[in-house]
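If you're wondering where the values come from, they're calculated on a predicted model, not measured in any experiment.
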Amino acid sequence: MTETRTRTSARETDVCERDVSEQAHTTERCPECDGRLADDGRGETVCTDCGLVVETESVDRGPEWRAFDAAEKDEKSRVGAPTTKMMHDKGLSTNIGWQNKDAYGRQLSSRQRQKMQRLRTWDERFRTRDSRERNLKQALGEIDRMASALGLPEDIRETASVIYRRALGEDLLPGRSIEGVATAAVYAAARQGGVPRSLDEVAGVSRVDDMEFKRTYRYIVRELGLEVEPADPESYVPRFASDLELSDEGEMTARELLRDAKEAGIHSGKSPVGLAAAAVYAASLLTNERVTQSEVSEVADVSEVTIRNRYKELLEVADAGGARP
């Protein structure tokens, strides 16, 4: 009886191995010419005979780094999520979930819930053991809040977090509020990243007054030696045009008006936000799109008087230069 069962198991094993071998043979042959398939090193499987691309964008399940010995492999290997400057502990600490459930999804008893709540409390205390970490946690939360309100991408938030960490490391915070330095870091990061926001826009989502924000920004830029170029009016045009649902032709016309203004030198000493808003309004007139001054004023957060004064200057420069919208 035992011998019969063993013989049957061996026969089933042979059948399975034959099926796997046939499948491997099928996948290793070209469906067109039955040639041999090979990986070309660029994530594509091609036929070595006829050149047919059989598979593209194959997944590389190995690490993105290379190691040439065991010591280097142990040094580079890692697990978990990547570190980030946007968290005070760089994302290296653990979090105790707020759900009062066990691994099987069952509700915890009242005694276990009390125990978990105590663990959460102590975990929070250990994560912010000193004043520096508490300061950093509050500031980075403020940076994330303001960046979300301003619609800034993640790389700008990361840059703002690095700027704040530098200010904290160089002891620039005494005598200044956490919110003020965080606001200055967000404004500087947006300017450096090419997605600027106006002073009024940043001040509108900040919890400090305008004077403190501007004073702190100048101080941080000077002490840290940040390279912040003057804001380019053209960088505001895509956002304004998108909010106003302006056509591509209108956006291109606004850009051309601003370029003519730069060549004529009339942009010097004027607010880049006001110039961008005026260019968008002037472009809407030239392309016969229905956009009012009040709508542009609301989107750009500048007065209608500024738009009226600037757009006339832009049109005069365009007429003098013979520019076509």
Side-chain angles (χ1 to χ4, degrees), residues 146-147 149-153 155-156 159-160 183-184 186-206 210 213-214 217-218 221 226-325:
M146 289 187 289
L150 293 169
L152 297 175
D155 60 325
I156 302 300
T159 304
T183 306
V186 170
Y187 181 67
R191 291 276 297 273
Q192 285 185 329
V195 284
R197 297 294 185 265
S198 66
L199 286 167
D200 294 334
E201 286 179 303
V202 179
V205 299
S206 176
D210 293 1
F213 160 42
K214 295 174 183 177
Y217 169 72
R218 288 193 295 267
V221 170
L226 301 179
E227 295 182 1
V228 181
E229 297 181 357
D232 186 357
E234 278 193 57
S235 60
Y236 294 94
V237 171
R239 182 159 57 93
F240 294 167
S242 175
D243 292 341
L244 293 167
E245 297 182 355
L246 209 64
S247 65
D248 293 341
E249 181 185 2
E251 181 178 342
M252 188 179 300
T253 303
R255 289 178 179 274
E256 291 178 359
L257 289 172
L258 289 174
R259 290 179 191 138
D260 293 339
K262 290 178 188 177
E263 293 178 0
I266 69 168
H267 69 294
S268 179
K270 296 181 175 64
S271 168
V273 181
L275 277 175
V280 168
Y281 177 69
S284 68
L285 296 179
L286 295 172
T287 55
N288 297 320
E289 299 187 44
R290 296 183 178 179
V291 176
T292 64
Q293 291 182 7
S294 61
E295 291 174 339
V296 179
S297 173
E298 183 178 355
V299 167
D301 197 17
V302 296
S303 67
E304 295 184 27
V305 176
T306 301
I307 295 175
R308 279 195 292 271
N309 293 337
R310 297 289 175 268
Y311 99 86
K312 292 177 182 178
E313 296 174 358
L314 293 174
L315 290 179
E316 288 175 1
V317 172
D319 291 340
R324 164 66 181 92

Taking the side chain as every heavy atom from C-beta outward, state whether Leu199 and Asp210 have any atom pair closer than 4.5 Å.
-> no
Considering only heavy atoms from C-beta outward, does the side chain of Asp243 approach that of Arg239 to under 4.5 Å?
-> yes
Considering only heavy atoms from C-beta outward, does the side chain of Arg259 approach that of Glu234 to under 4.5 Å?
-> yes
Could you pull out the closest heavy-atom pair between Arg255 and Val237, with the gap in Å?
-> CG-CG1, 4.4 Å
Under 3.5 Å: donor-acceptor pair, side chain of Thr287, backbone of Ala283 | yes
Might you work through the side chain to side chain contact (heavy atoms under 4.5 Å, CB included) test for Phe240 and Leu246, ending with a clear yes or no?
-> CA-CA 8 Å; Phe240 294 167; Leu246 209 64; over 6 Å; no
Determine whether Leu258 and Tyr236 make a side-chain contact, defined as any pair of heavy atoms from C-beta on separated by less than 4.5 Å.
-> no
Any residue meeting salt bridge (Lys or Arg N to Asp or Glu O under 4.0 Å) with Glu304, in chain and number order, not counting sequence neighbours = Arg308
Min side-chain heavy-atom separation Val195-Ile156 under 4.5 Å | yes
Return each pair, listed once, that meets side-chain hydrogen bond (donor to acceptor under 3.5 Å, both in side chains) where at least one residue sits in residues 188-197; pairs must be two or more places apart or across chains.
-> Tyr187-Arg191
Side chain to side chain contact (heavy atoms under 4.5 Å, CB included) assessment of Ile266 paired with Leu314 = CA-CA 9 Å; Ile266 69 168; Leu314 293 174; 4.2 Å; yes
Looking at CD of Glu298 and OG1 of Thr292, how far apart are the two atoms once the value is rounded to the nearest 0.5 Å?
-> 9.0 Å
Sub-3.5 Å donor-acceptor pair from the side chain of Thr253 to the main-chain atoms of Glu249, do we have one?
-> yes
Under a 4.5 Å cut-off applied to non-hydrogen side-chain atoms, are Lys270 and Pro233 in contact?
-> no
Tell me, do Val273 and Asp301 make a side-chain contact under 4.5 Å, heavy atoms counted?
-> no
Set of residues satisfying side chain to side chain contact (heavy atoms under 4.5 Å, CB included) with respect to Leu285, sequence neighbours excluded = Tyr281, Tyr311
Can you find a heavy atom in the side chain of Val302 that is under 4.5 Å from one in the side chain of Asp200?
-> no
